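Here the structure comes first, spelled out in structure tokens, and everything after it is commentary.
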Amino acid sequence: MQISLRFLSTAVMVAAMALTGCSRPPDLVGIDNPEVPAASVPDVSRHRMFIMTTRQATEVVGAFFSARRAPELGLASVDVTVPPTHVTGQLERAKRLPPDPRKEFAVIDPAIYSTDEAFIAAVDRELSRRPPGQRRLLLFIHGYNNTTSDAILRLTQFVEDTGFQGVPVLFSWASAARTPRYVYDLNSALVARVKLKELASILGRTKADGMDIFAHSMGTFLTMEGLVDAQQAGTLNRRGRIDSIMLASPDIDIDLFRTQVGLLPPAILRKMYLLVSRDDSALRFSRIIAGGVPRVGAADAAELEQLGVTVIDLSKIDDSSSGSHSKFAGSPEVVQLIGAGLNAAGRFGDAESPALHELIAGAPIRILGN
């Protein structure tokens, strides 16, 4: 038994390290550069990110929210600047503080909202700055081993590179952001599940015309569990605002996923898009932790299509700066494909979208399904 436990512990550690790497840059929420303030740099792009979180707030400089689970849903926002030298598919993150906004992302002006109404009013103000047709929300649910800074920066880079025209909202659940704590993160995702109903209620009270949901890795597990809970409660997409549900590199047991899909109505499955890749090395190790059961994000695309969802096979994409597990943001081809879909009049995956046809033609991407 001791040998087995030692082997399991080693496997978990190796798998966790493979999922996200060994080192992490510093947190940088609210840290402006006193010598070169972000507001002083010409030609920066600036995005306001709204945050809904099950993390506890913290006074640790740069962290904003901690890895500890909070009993209440936290509401906040930040502004993020993207340097004028930004390259599509790259995340130019500071390795030391303060960040240099001329060449690195900076996260400034953090704000916490004490009431749902204050948060909703702030979101509505951002929506009102968009012209009709662009008053939409993008709800992003991050994956395993993420700090608040990690998630904010990844969402900002994704929004910048896709050219998303609406208002981004981050749901940040209480990841430990430590490589050995995969099980803690999995349980944190389950703890966060009970707050999704409250999250949906708050976003449903905004003046958004519609919403796209984008989840990555373990965040897809949380998303699917939330969809199933809402379906069983009779509240899933009751107002018809969900236009697409994108699950990138799903870290979900394939048998569990079949069960989840079986509990969802066809109308929701037709809105669901899986971004998968057979070469996803992170999910290969995740499979070891899971006792050898395949993960959805590395499963056979044709097999997944039979479940009634659209599958986007990225197996032949090899230009991702963020590795095989995050091709959705690290590959210029993929992030532009997603952007064309999000911003298309017919919504993501529309077979009639000329922008999608142009991007897919000549690219090593297969779309199977609807």
Side-chain angles (χ1 to χ4, degrees), residues 20 24-25 27-30 38 44-55 62-65 74-83 86 88-94 99 104-111 119 122-123 126-127 136-175 177 189 192 199 203 208 211-220 222-223 244-249 275 320-322 325-331 334-336 338-339 341-343 348:
T20 54
R24 185 186 303 282
D27 289 321
L28 68 168
V29 178
V44 297
S45 297
R46 186 167 178 142
H47 300 278
R48 177 152 295 176
M49 301 282 151
F50 290 93
I51 302 169
M52 309 178 81
T53 184
T54 54
R55 299 174 183 268
F64 201 23
F65 290 99
L75 304 171
S77 68
V78 295
D79 285 356
V80 189
T81 62
V82 180
H86 171 66
T88 299
Q90 301 286 331
L91 178 51
E92 295 90 351
R93 181 171 180 174
E104 297 164 338
F105 284 66
V107 184
I108 57 176
D109 298 336
F119 180 82
V123 172
E126 285 300 308
L127 289 168
R136 310 179 45 73
L137 300 177
L138 174 64
L139 176 63
F140 182 84
I141 302 98
H142 65 74
Y144 157 74
N145 199 359
N146 270 239
T147 63
T148 306
S149 292
D150 295 336
I152 290 170
L153 292 172
R154 179 58 77 191
L155 174 55
T156 305
Q157 181 247 315
F158 181 73
V159 167
E160 175 75 13
D161 290 349
T162 58
F164 177 68
Q165 299 160 347
V167 175
V169 179
L170 168 67
F171 181 47
S172 185
W173 48 277
S175 165
L199 176 149
L203 295 182
M211 179 172 64
D212 296 291
I213 300 172
F214 196 104
H216 178 232
S217 191
M218 192 179 286
T220 66
L222 172 56
T223 300
S244 63
I245 302 164
M246 291 158 277
L247 307 178
S249 307
L275 280 67
S320 173
S321 65
S322 53
H325 191 53
S326 297
K327 292 182 181 181
F328 77 95
S331 166
V334 176
V335 76
Q336 289 170 7
I338 296 171
L342 285 173
N343 295 317
F348 188 83

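Quick caveat: nothing in here was measured; it's all calculated off a predicted structure.
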* How about R24 and D150: do any of their side-chain heavy atoms sit closer than 4.5 Å? -> yes

* So do V123 and L137 actually touch side chain to side chain, heavy atoms under 4.5 Å? -> yes

* Asked: Quick one: do R48 and D109 make a salt bridge, cutoff under 4.0 Å?
  -> no

* Asked: Do you know the tightest heavy-atom contact between L222 and A189?
  -> CD1-O, 3.1 Å

* Go through the structure and list residues passing side chain to side chain contact (heavy atoms under 4.5 Å, CB included) with Q157, not counting sequence neighbours. => H86, L91, F105, R154, D161, A329

* Could you give the distance from CG (L342) to CG (L138), rounded to the nearest 0.5 Å? -> 6.0 Å

* **Side-chain donor or acceptor of S320 paired with backbone N/O of S322 under 3.5 Å** => yes

* Closest non-hydrogen atom pair between G143 and N146, with its separation -> O-ND2, 3.5 Å

* To do: Taking all heavy atoms of N145 and all of S175, pick out the closest pair and write down the distance.
  => N-OG, 3.2 Å

* Asked: Does a side-chain heavy-atom distance below 4.5 Å link D27 with T148?
  -> no

* Quick one: CG on L155 to CZ on F50, what's the gap to the nearest 0.5 Å? -> 12.0 Å

* **Under 3.5 Å: donor-acceptor pair, side chain of T147, backbone of A177** => no

* By side-chain hydrogen bond (donor to acceptor under 3.5 Å, both in side chains), which residues pair with T54, not counting sequence neighbours? -> none

* Are any non-hydrogen side-chain atoms of V169 and L199 less than 4.5 angstrom apart? -> no

* Should L75 and M52 count as side-chain neighbours, where that means a heavy-atom distance under 4.5 Å? -> yes

* Asked: Do the side chains of M211 and L139 get nearer than 4.5 Å, heavy atoms only?
  -> yes

* Can a donor-acceptor pair be found between the side chains of S172 and R55 at a distance below 3.5 Å? -> yes

* To do: Taking S321 for its side chain and G89 for its backbone only, find out whether a donor-acceptor pair lies under 3.5 Å.
  => yes

* Structure fact -> Residues A215 and T223: closest non-hydrogen pair is CB-OG1, 3.2 Å

* To do: Nearest 0.5 Å please: distance from the CE atom of M246 over to the CG atom of L275.
  => 8.5 Å

* To do: Could you list the residues that satisfy ring pair (Phe, Tyr, Trp, His ring centres under 6.0 Å) with F64, not counting sequence neighbours?
  => none

* Structure fact -> Of V82, I152, V78, V167, the one forming a side-chain contact (heavy atoms from CB on, under 4.5 Å) with H47 is V82

* To do: Among F328, F171, F164, find the one that has a ring pair (Phe, Tyr, Trp, His ring centres under 6.0 Å) with F214.
  => F328

* **Close side-chain approach of M218 and W173, heavy atoms under 4.5 Å** => yes

* Measure across A94 and P25 and return the closest heavy-atom pair with its distance rounded to 0.1 Å. => O-CB, 3.6 Å

* **Nearest-0.5 Å distance, CG of residue L153 to CD of residue E92** => 10.5 Å

* Which pair of heavy atoms, one from A208 and one from L127, lies closest together, and at what distance? -> N-CD1, 3.4 Å

* Asked: So, the side chain of N343 versus the backbone of T162: is there a donor-acceptor pair under 3.5 Å, distance only?
  -> yes

* Are M49 and V159 close enough, and set up right, to give a side-chain contact (heavy atoms from CB on, under 4.5 Å), and what steps lead you there? -> CA-CA 10 Å; M49 301 282 151; V159 167; 4.2 Å; yes

